[in-house]
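All values derive from a computational prediction rather than experimental measurement.
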Amino acid sequence: MKSFFYPNSVALVGASAKKGAIGNVILNNLRNFRGRVYAVNPNYTEIDGVECFESVKSLPEPVDLAIVATPARTVPGIVEECGEKGIRNVIVISAGFRETGTEGAMLEEKVAEVARKHRIRLLGPNCLGIMNPEINLNATFSEIMPRKGKIAFLSQSGAFILAVVLWAQKTKFGFSKIVSMGNKAVLTEADILDFFAKDEKTEVIMLYVEGIKNGKEFMEVAKRVAREKPIVVMKAGKTESGAKAAASHTGSIAGSYEIYKTAFEQSGIVTAETVEELFDYSFALSKFRKAGKVAILTNSGGPGVMASDAVEMNDLELATFRRETIEKLRNILPPSANFYNPVDILGDADTERFVKALDALETDDNVGSILAILAPTAQIDYRRAVDRVLSCKKPVFCCFMGLDESNEERLIDSGIPNFFDPSRAVRAISAVEKYSRFDFHDSDILRFEVDRKGADEFISSVKRRYVGVEGMRLLECYGIKVAPFGIAQNFEEALEIADRVGYPVALKIVSPDIVHKSDIGAVKLNVTREKLKTEFFEMLSRVEKLLPNARIEGVMVQKMVGGGREVIIGMKKDAHFGNVLMFGLGGIYVEIFKDVSFKIAPLSKDDAYDMIKKVKSYPLLRGVRGEKGVDIDAIAETILRFSQLGMDYPILEMEINPLKVFEKGCVALDFRMLLEVER
């Protein structure tokens, strides 16, 4: 795609002589481009000194890049002409496609078909275009060209780019490339990321996304790219509720944004929650790739305390200084200063004291990065302080409050971030450290020997979409241990099963119409032989009274399993990313506490253990205050077997809740599943 971003010749189809028209703005922008520029419009022979041709067919050469800014209905024909002319790179600025409704969507598909037929790399439609400041290529209708930089910006929103470019001009923020994706009829984020991976002028990639079409392809490409070049993403649409399936807790908890965040993390992408973070993280990562333990150096106690708080809140560690460093600081600083982390050189400190303190921290092997905070006192010479920061061999993040414009620009030109807010600076440090902790190695995906014949027979026997506790037969086929059980059609069968599995037992209604059984009393626990008959009929009577139309297909009689910890393992199939696995604190409180973690299948062994370690209740599973921990290995294996089951069959949702985990081994007590189609 190099000729897409580095064309020697460009044609603007829909060029206009009318001031303010999009076709006129783009043409004026192209005047600064170093290559050949052609205008295409049958109504002109030239526009403002640029030769104008009647059609794409009449162009003197097959240009490297064609920009289309004509009414939507004309676009399919123009793209066809481009293909016939041998033009392989096309940007469609025009709106009026999928974003307008059904007719627009059909028109867009027609454009895509033509592009695919001619193997055209088509960006858009309904996009702003592209910018390459290196060669003064502004193929957009933004009248502002940003300065050169190391960061490529890829955005689904063209309007957001317009705002960003204006902001970047004021803050002197530079870009290597800017791309507006638009409707993504042909080219997707994955295609552009692939190019940025090879682009020598790009060191960091910044993304603004609202949705991703092919999630699996995106993850595969992003992980490969992020190994070499950090990717920072901001996802819009965090509160999109979507259609929540009622079959499982997983369906209601695994919302759209959680899935996207999981995909980003598994791909090694740093996630930003705000526009400010998007730029802060990208800029910091364009200079630094690792932060390590943090040393705070300040001439003001308040900001130093704020920074210390932020370090703890952002999963960072304050460095513990070596003895030699503390002795150096004692010799440099007044007795009332703080020699430990954070280092407070006091408000009367001059620049010499700041420089010497920074010297001491720079030579300490325990220090990974330094947050330098300076309030604008009369004693501080910012120019000299910036000189010292620029020569520092360790990552330095500045919080030079009230820094003048010229020295601010010196830091920016050197790639060193400067912040007014210490907490904001710490968040940027945290983003750098998070990137350094990503594990980019490709782990093997495990597959277990399972009873596929038995599983096939069970799936074939299912006559409906929803499967309840009777589906535990499927778990057994996949080597997941379940508590002994049977399904009774009457009390006599229930008694026989209970006598066989052993008392006490649990009774559970089997019904495709009752999902959360405990909510309506469709579960009885710790039932003894003496109370079996009473509890059996009382439960049936209660369910028939509350839900008279519910289909009752039997009663599950299951041996009660005491002790252990209750966890949940769930799976939900996402339209974009495929199977999303969930693990967390189980039982009836899962939707209240939502102490869960997610991964996108297929899973490696490392993925399974990572899921377990990420929940807040992990210390409980490990064992605290003298309590013995549970079998983490058994949980990990169950997650992997469960994931394999979800990959093998057309399952929309399923979950084991609870999975009882013991010091040795684990056992499933309940199961529910929703197949993709009605059976």
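- By the ring-ring contact (aromatic ring centres under 6.0 Å, His included) test, Phe4 is found to be paired with no residue, residues two or more places apart in sequence or in another chain being considered.
- Tyr478 and Asp451 share no donor-acceptor pair across their side chains, judged by distance under 3.5 Å alone.
- For Phe458, the ring-ring contact (aromatic ring centres under 6.0 Å, His included) test picks out no residue, with sequence neighbours left out.
- Glu653 has no carboxylate O lying under 4.0 Å from a charged side-chain N of Arg672, or vice versa, which leaves the two without a salt bridge.
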Notebook entry, point to check: Is there a salt bridge (Lys or Arg N to Asp or Glu O under 4.0 Å) between Glu108 and Arg98 once you walk through the steps?
Noted result: CA-CA 6 Å; Glu108 182 174 315; Arg98 177 164 44 87; 3.2 Å; yes

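- The distance between the ring centers of Tyr260 and Phe577 falls below 6.0 angstrom.
- Sequence neighbours left out, the pairs with a member in residues 268-291 that pass ring pair (Phe, Tyr, Trp, His ring centres under 6.0 Å) are Trp167-Phe279, Phe173-Phe279, Phe173-Phe283, Phe288-Phe397.
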Next item on the list: Decide yes or no on salt bridge (Lys or Arg N to Asp or Glu O under 4.0 Å) for Arg641 and Glu637, but give the supporting numbers first.
Entry: CA-CA 6 Å; Arg641 289 180 178 274; Glu637 183 175 325; 2.9 Å; yes

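- Screening Arg452, Gln644, Glu676 against Tyr649 for a side-chain hydrogen bond (donor to acceptor under 3.5 Å, both in side chains) leaves a single residue, Arg452.
- Using a cut-off of 4.0 Å between Lys/Arg side-chain N and Asp/Glu carboxylate O, Arg121 and Asp191 are scored as not salt-bridged.
- A donor-acceptor contact under 3.5 angstrom links the side chains of Lys508 and Gln558, judged on distance only.
- Two residues are said to be in side-chain contact when any heavy atoms from C-beta on lie closer than 4.5 Å; Pro230 and Arg289 meet this criterion.
- Considering only residues two or more places apart in sequence or on other chains, Glu470 meets the side-chain hydrogen bond (donor to acceptor under 3.5 Å, both in side chains) condition with Arg464.
- Using a 4.0 Å cut-off between a side-chain N of Lys or Arg and a carboxylate O of Asp or Glu, Glu109 and Arg116 qualify as a salt bridge.
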Next item on the list: Walk me through it: do Glu627 and Arg565 pass the test salt bridge (Lys or Arg N to Asp or Glu O under 4.0 Å)?
Entry: CA-CA 12 Å; Glu627 288 186 1; Arg565 298 278 184 189; 2.6 Å; yes

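- One finds a salt bridge joining Asp315 and Arg437 here, because a Lys/Arg side-chain nitrogen approaches an Asp/Glu carboxylate oxygen to under 4.0 Å.
- At a cut-off of 3.5 Å, with distance as the only test, a side-chain donor of Ser436 or Glu433 sits close to an acceptor on the other residue.
- Classification of the Phe153-Phe160 ring pair by plane angle, with boundaries at 30° and 60°, yields perpendicular.
- Between Glu203 and Lys229, none of the side-chain N atoms (NZ, or NE/NH1/NH2) sits under 4.0 Å from a carboxylate O, so this pair counts as no salt bridge.
- Using modelled atom types, one finds no donor on one side chain facing an acceptor on the other under 3.5 Å when comparing Asp670 with Asn657.
- Side-chain atoms of Asp439 and His441 include a donor-acceptor pair closer than 3.5 Å.
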Next item on the list: Test salt bridge (Lys or Arg N to Asp or Glu O under 4.0 Å) on Lys216 and Glu220 and set out the steps.
Entry: CA-CA 6 Å; Lys216 286 291 188 183; Glu220 183 182 329; over 6 Å; no

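- By the side-chain hydrogen bond (donor to acceptor under 3.5 Å, both in side chains) test, Tyr609 is found to be paired with Asp633, residues two or more places apart in sequence or in another chain being considered.
- For the side-chain contact (heavy atoms from CB on, under 4.5 Å) test, residues two or more places apart in sequence or in another chain that qualify with Ser597 are Phe583, Met611, Lys614, Val615.
- Annotation: Glu312, atom CD; neighbour count of heavy atoms from other residues, nucleotides and ligands within 6.0 Å does not exceed 12.
- Within the cation-pi definition used here (under 6.0 Å to the ring centroid, within 45° of the axis), Arg227 does not qualify as a partner of Phe438.
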